[in-house]
Peer 1: 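Quick one: this structure, given as structure tokens, is what I'll be asking you about.
Owing to the predicted nature of the structure, the values given are computational and were not obtained by experimental measurement.
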Amino acid sequence: MKNIWTALWGAAVTVDIVSAQLRWPAPGTTEPQVSAWATDSKHHLPERYQQLLMIALGESVLGVGTTFTSQPASPATSALLVVAFLSTVLLWRIYFYRSGQILAEALAAAGNRDAAGRATGTAHVLMVLGIVATAVGFEAVLKHPHGLPEPAWLITSLGGPALFLYGRIRLERIVFNRLSLRRVVAIAALAVVAVPLYFAPPLASPVVAGLILLAVALADAHHAAGRPPEAPSPAH
């Protein structure tokens, strides 16, 4: 039954995304004058996207906590629970650091609001998928805290944060029209550590991923220290 509901939800999301890209065409009607991605209300879309992202973060914490309560408690699982919570906080911090805070203002100032709205939606979908993949990695390690990690666990534990950071890079491009080098370096670091972590205990990959996220958050804080809040500078 769960697989049926998952398939139905997946089909519904696919239909909605494809239809939005095509401007929800209907037989016998002309193309709408207002784009599906219009941002006439400057706070509506950013708030909806941010709510979706916050739900994903909250569900991740809930899922990890539920998995933890169903497993025998041990130092490894307890440590991973702490790592999972702190990593979720870091994902929230990395998202909201400046770009997330002034997203509405950036969309309002964008030269092409429809394109900016579409790009913002894509960036948030990527980040939500990254959050979900990261949570799946946490749950897999909670269930198998000993031995050697499976490739799928590494893909979710390291690939999830990497996908989130890639989505965040795209958001940075929308808000400031620039490439976030700190996040590019972090994605490269996640790729580099994948090979040695294949031979390490399962707990090592979430810990290393969390440390890389911490480094990004600290680099953001260092960059902002002593400077006035940066104003949005989207493409025109």
Side-chain angles (χ1 to χ4, degrees), residues 2 5-6 9-10 12-14 16-17 45-68 80-101 103 119-143 149-150 152-175 180 182-191 193-194 197 202-203 205-220:
K2 182 178 179 180
W5 281 112
T6 301
W9 273 109
V13 170
T14 301
D16 189 55
I17 292 175
L45 276 179
E47 287 177 355
R48 298 296 85 76
Y49 291 143
Q50 290 175 348
Q51 287 170 359
L52 177 63
L53 189 134
M54 292 301 293
I55 289 171
L57 290 172
E59 287 291 332
S60 298
V61 172
L62 179 62
V64 171
T66 302
T67 302
F68 175 78
L80 182 58
L81 182 66
V82 175
V83 169
F85 177 76
L86 294 178
S87 296
T88 303
V89 173
L90 288 170
L91 291 173
W92 169 83
R93 176 66 177 82
I94 291 169
Y95 169 77
F96 275 103
Y97 168 67
R98 211 53 197 144
S99 290
Q101 289 176 314
L103 177 58
T120 300
T122 301
H124 280 80
V125 168
L126 291 170
M127 286 185 283
V128 168
L129 290 175
I131 292 169
V132 172
T134 303
V136 170
F138 288 141
E139 293 183 29
V141 175
L142 275 173
K143 294 178 180 178
E150 296 287 339
W153 306 350
L154 282 176
I155 291 173
T156 53
S157 296
L158 302 177
L163 184 58
F164 173 87
L165 291 171
Y166 173 64
R168 182 57 178 72
I169 287 172
R170 294 179 64 120
L171 188 69
E172 186 97 356
R173 175 69 75 180
I174 296 164
V175 176
S180 176
R182 295 188 293 276
R183 287 155 182 77
V184 173
V185 171
I187 292 175
L190 288 165
V193 300
L197 286 176
L203 179 61
S205 54
V207 170
V208 171
L211 290 174
I212 291 174
L213 292 175
L214 176 62
V216 174
L218 290 176
D220 286 345

Peer 1: Can you check side-chain contact (heavy atoms from CB on, under 4.5 Å) on V216 and R168, steps first, answer last?
Peer 2: CA-CA 12 Å; V216 174; R168 182 57 178 72; over 6 Å; no
Peer 1: Could you tell me the separation between the CG atom of L190 and the CG atom of L163, rounded to the nearest 0.5 Å?
Peer 2: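 So the gap between those two atoms works out to 11.5 Å.
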Peer 1: For a side-chain contact (heavy atoms from CB on, under 4.5 Å) check, start with the C-alpha distance between E59 and V132, then their side-chain angles and the critical distance, and finish with the verdict.
Peer 2: CA-CA 9 Å; E59 287 291 332; V132 172; over 6 Å; no
Peer 1: Would you check if W153 and P202 make a side-chain contact, meaning some heavy-atom pair closer than 4.5 Å?
Peer 2: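 A side-chain contact under 4.5 Å exists here.
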Peer 1: Please report the shortest heavy-atom distance between G167 and L126, naming the atom on each side.
Peer 2: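 What the structure gives for the nearest pair is CA-CB, 3.9 Å.
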Peer 1: Work out which heavy atom in L197 is nearest to a heavy atom in P149; give both atom names and the distance.
Peer 2: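 Taking L197 first and P149 second, the nearest heavy atoms are O-CG, 3.5 Å.
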Peer 1: Would you say the side chain of V64 lies within less than 4.5 Å of the side chain of T88, judging by non-hydrogen atoms?
Peer 2: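 Side-chain contact under 4.5 Å: no.
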Peer 1: Compare all side-chain heavy atoms of L57 with those of M127 and state whether any distance is below 4.5 angstrom.
Peer 2: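 No. Closest side-chain heavy atoms not under 4.5 Å.
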Peer 1: Does some side-chain heavy atom of L171 sit less than 4.5 Å from a side-chain heavy atom of Y95?
Peer 2: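 Yes; the side chains approach each other to less than 4.5 Å.
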Peer 1: Just so I know, are the side chains of P161 and I212 near enough to count as touching, which here means a heavy-atom distance under 4.5 Å?
Peer 2: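 Not in contact.
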Peer 1: Y97: which residues meet the ring pair (Phe, Tyr, Trp, His ring centres under 6.0 Å) condition with it, sequence neighbours left out?
Peer 2: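 Here no residue qualifies.
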Peer 1: Less than 4.5 Å apart, side chain to side chain, heavy atoms only: is that true for H124 and L103?
Peer 2: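 Yes - at least one pair of side-chain heavy atoms lies under 4.5 Å apart.
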Peer 1: Show the nearest heavy-atom pair for residues G100 and Q50, with the distance to one decimal.
Peer 2: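 So the two residues come closest at O-NE2, 2.7 Å.
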Peer 1: Would you please test S87 and T134 for side-chain contact (heavy atoms from CB on, under 4.5 Å) and show each step?
Peer 2: CA-CA 9 Å; S87 296; T134 303; 5.6 Å; no
Peer 1: Going from CG on L211 to CG on L218, what distance comes out if it is rounded to the nearest 0.5 angstrom?
Peer 2: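 Going from the CG atom of L211 to the CG atom of L218 covers 10.5 Å.
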Peer 1: Roughly how far apart are I187 CD1 and L158 CG, rounded to 0.5 Å?
Peer 2: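 Here the interatomic distance stands at 12.5 Å.
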Peer 1: Would you name the heavy atoms of S99 and V175 that are closest together and state the gap between them?
Peer 2: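 Reported closest heavy-atom pair: O-CG2, 3.8 Å.
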Peer 1: Find out whether M54 and F96 are in side-chain contact, i.e. whether some heavy atom of one side chain is under 4.5 Å from a heavy atom of the other.
Peer 2: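 M54 vs F96: side chains touch.
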Peer 1: If you round to the nearest 0.5 Å, how far is CG of L52 from CD of E47?
Peer 2: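 Separation between the atoms: 13.5 Å.
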Peer 1: Is there side-chain contact between F164 and I94, with heavy atoms separated by less than 4.5 Å?
Peer 2: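 In contact.
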Peer 1: Show the nearest heavy-atom pair for residues I174 and T120, with the distance to one decimal.
Peer 2: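 Taking I174 first and T120 second, the nearest heavy atoms are CD1-N, 3.4 Å.
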Peer 1: Which atom names give the shortest non-hydrogen contact between L154 and S205, and what distance separates them?
Peer 2: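 For L154 versus S205, the nearest heavy atoms are CD2-CB, 3.6 Å.
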Peer 1: Just do the side-chain contact (heavy atoms from CB on, under 4.5 Å) check on E139 and T156 with the steps written out, would you?
Peer 2: CA-CA 10 Å; E139 293 183 29; T156 53; over 6 Å; no
